[in-house]
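Lettering follows sequence order; numbering is per chain, from 1.
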There are 2 protein chains.
Amino acid sequence: MAKGKTKVETPPAPESGRAVTIHDVARYAGVASMTVSRVVNGNSYVSDAMRERVQAAIKALNYSPNLAARNTRAGNTGPRVGVLYSNPSASYLSEVMLGGIEQSSRLGTQLVLERSTGLASQKAAVRRLLDQGVDGVILPPPLCDSRPTINMLHAAGVKVLALATARPMHDVSSVRIDDYQGAAAMTRHLIELGHSRIGFVKGDPQHTPTQLRYEGFVDAMTAAGLPVDPDWVVQGQFTYRSGLAAAELLLSPDERPTAIFASNDDMAAAALAVAHGLQIAVPEALTVVGFDDTPIASTVWPELTTIHQPISAMGRAAVSLIVDEIKAERAGNAPGPTHQLMKFTLVKRGSSGPAPAKAPSRRRAAKA
Amino acid sequence: MAKGKTKVETPPAPESGRAVTIHDVARYAGVASMTVSRVVNGNSYVSDAMRERVQAAIKALNYSPNLAARNTRAGNTGPRVGVLYSNPSASYLSEVMLGGIEQSSRLGTQLVLERSTGLASQKAAVRRLLDQGVDGVILPPPLCDSRPTINMLHAAGVKVLALATARPMHDVSSVRIDDYQGAAAMTRHLIELGHSRIGFVKGDPQHTPTQLRYEGFVDAMTAAGLPVDPDWVVQGQFTYRSGLAAAELLLSPDERPTAIFASNDDMAAAALAVAHGLQIAVPEALTVVGFDDTPIASTVWPELTTIHQPISAMGRAAVSLIVDEIKAERAGNAPGPTHQLMKFTLVKRGSSGPAPAKAPSRRRAAKA
DNA sequence: CTGAAAGCGCTTACAG
DNA sequence: CTGAAAGCGCTTACAG
């Protein structure tokens with residue numbers, strides 16, 4: 001504690017109204033501000049003794065760096081990052097943005113949002129982004145897989161990051177989960193619960209995760225020695241409406257599956273609604289599971305067992321990654337695209353349970 | 001590239017890699033940076049001639065101010081604003097945050113998030129917020145109506161803003177829509193469509209909007225000379241599950257309403273699921289409407305007719321308002337709390353339609 | 001390994 | 001109404 005020339009030990013009054021600065025810490029610790037900066041950023045060489053002294057001061061004064069000031073130095077107008085999205089109301093996007101904006105404010109990066117409605121408006125949206133001087137653009141799904149968009153952006157010398165694409169490209173950075181493994185994990189979970197008659201609802205064939213999730217399901221079934229009945233694999237579109245139709249197809253016949261694995265939550269929620277309508281008790285008579293863990297998964301009842309994508313963490317990671325790339329480029333290095341794989345988790349909620357003892361027959365039986 | 005003393009008029013190359021600064025603009029316009037600052041901030045006295053010259057330069061150079069730098073001056077560590085929330089997964093919150101974070105990054109304000117799980121943890125959450133030196137706290141629902149929380153915050157000398165409360169308090173600023181008028185407008189819409197037999201699902205009695213939405217419904221019915229059948233007013237909890245139960249109550253009896261007005265979207269979505277299960281066609285045989293316009297409203301099928309709350313705009317407004325208050329306080333003024341009323345809009349989608357010609361009877365009739 | 005100097009882009013007083 | 005000076009909190013070179 002003893003420090004500096006004077007013998008006084010009182011820290012600069014923290015209640016004095018103004019925020020604690022790096023200089024307060026420096027004075028308290030009896031070192032130069034520069035040293036505090038180094039400790040805070042944890043990069044350069046600092047002796048252990050010094051480091052400890054500074055850290056104690058930081059703690060004592062409850063110092064936290066002023067982020068606005070940090071990015072002010074060095075012509076370091078933090079990179080501008082654009083987000084080009086197409087589906088505005090999706091809760092998925094809100095969550096991505098939540099993480100993205102949080103991270104960009106932490107990094108002092110300016111985030112610019114643009115919406116592209118149709119394919120036609122894409123050119124215009126890209127132009128607006130470019131006009132605003134973005135150095136990089138994040139593409140959430142489904143634009144993450146749009147080659148034309150990527151090419152336009154690359155032509156303008158702008159970095160591109162594909163968010164939640166299922167098939168990373170060689171020339172575009174990506175942040176994603178492993179859709180294949182996620183689907184396989186969910187399928188194994190169903191099998192462990194005793195299900196063998198499992199219906200699957202595929203997603204929009206245009207989206208890259210669709211095929212991989214399906215393959216994950218098929219391979220896990222096969223690995224367990226279970227057959228995949230083609231009648232129980234139904235094409236969906238990732239929309240609630242398509243889930244409605246798919247579930248009706250799966251649940252109406254006399255012989256129906258004991259579990260439905262819908263390849264996203266919206267479709268699973270729809271399957272739940274259909275089951276409810278048919279008086280099929282979930283999870284007692286039917287297990288329904290989804291994928292993504294968007295808010296709807298915990299809105300419906302019973303809540304959906306699903307594969308949790310760390311969506312807002314992925315938004316954060318996307319911003320970090322692209323900012324790093326931009327900085328590297330500015331510094332003269334030109335590393336290739338990087339690909340970050342995030343961990344998914346299987347979250348078990350009320351919509352899944354053990355397979356019913358005997359294969360259920362017609363739904364009438366259950367009716368009150 | 002050529003600039004400064006030489007006679008060339010070329011603007012400082014905008015592609016030169018670094019961002020356009022206030023000094024570039026000043027040089028281009030031949031004025032002091034100070035003057036540019038004044039024009040940009042539009043506050044002080046600037047002659048029209050000067051203003052135009054500067055504005056032209058700004059446009060020519062496509063200048064936009066560096067926000068990080070702006071809040072660096074004057075010990076002006078932009079106010080810190082906390083958000084204390086209780087329900088993390090709600091898509092509602094994501095949208096609030098979207099607006100809030102956007103505005104705070106625009107204002108250079110630091111946003112601090114804290115979650116309070118139970119009533120027990122509230123004290124701890126408030127303390128953490130205070131430790132982080134917040135000057136104000138935004139309370140999204142349902143905390144917006146928690147007197148204990150507000151009192152704790154006030155005791156610490158921190159500004160409080162209640163977001164989306166239905167009943168603004170005299171000592172706390174608020175941003176909200178008029179729940180009463182929203183419900184009344186929706187009810188009138190149903191009546192115009194020819195509905196007179198309307199079921200209503202109330203929300204959680206603990207939340208302030210619940211009562212006002214109900215009153216708006218009742219008063220609009222009464223004003224149109226229509227009776228409110230107590231059997232068709234069902235208590236809900238704002239949850240999907242409670243909507244399921246409520247809709248079953250409303251739709252099972254032989255005589256059922258031709259429209260259901262659920263006082264939020266989650267419950268309306270549930271009503272849709274129940275109707276679907278009972279083979280009641282929406283909107284042909286039954287109209288279902290909600291309130292809030294959260295993402296689920298446009299996820300389900302048919303999409304919900306609902307009252308749109310400009311949620312992210314409310315998040316933005318909340319940050320603006322509380323930052324203004326904090327600044328006013330710092331400047332020595334102490335204006336009372338302000339209350340901002342935002343406009344709701346009635347959005348008509350597929351779930352509502354004209355009342356069926358004759359009162360429908362038992363659902364069996366409709367079955368294939 | 002540590003520090004004194006200079007500067008980031010902008011704005012707040014202070015002079016004209 | 002306009003501008004030259006000083007400073008915000010932090011960091012990047014540059015010296016020890």
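- Listed nucleotides: D/dG3, C/dT2, C/dC10. Nearest to the side chain of B/Ala32: D/dG3.
- With hydrogens and angles disregarded, a donor-acceptor distance shorter than 3.5 Å links the side chain of B/Asp135 to the backbone of B/Arg80.
- The backbone N or O of A/Thr21 sits less than 3.5 Å from a side-chain atom of A/Asp24, completing a donor-acceptor pair.
- Look at B/Tyr63 and you'll find a side-chain N or O under 4.0 angstrom from OP1 or OP2 of C/dC10.
- Applying the 4.0 Å criterion to OP1 and OP2 of C/dT2, one finds that A/Thr35 has every side-chain N and O outside that range.
- Residues B/Asp171 and B/His154 meet the side-chain proximity criterion, which asks for heavy atoms closer than 4.5 Å.
- With D/dG9, D/dC1, C/dT11 as the candidates, the nucleotide lying closest to the side chain of B/Tyr45 is D/dC1.
- Rounded to an integer number of Å, the gap from A/Met34 CE to D/dA13 P is 11 Å.
- Taking atom CD of residue A/Glu52 and atom P of nucleotide C/dT2, one finds them 12 Å apart after rounding to whole Å.
- Between C/dT2 and A/Ser47, a contact under 4.0 Å exists linking OP1 or OP2 to a side-chain N or O.
- Between the side chain of B/Ser173 and the backbone N or O of B/Thr338, at least one donor-acceptor pair lies under 3.5 Å.
- Comparing D/dT2, C/dT2, C/dC10 by their closest approach to the side chain of B/Val46 singles out D/dT2.
- Distances from the side chain of A/Met50 to the nucleotides C/dT11, C/dT2, D/dT2 place C/dT2 closest.
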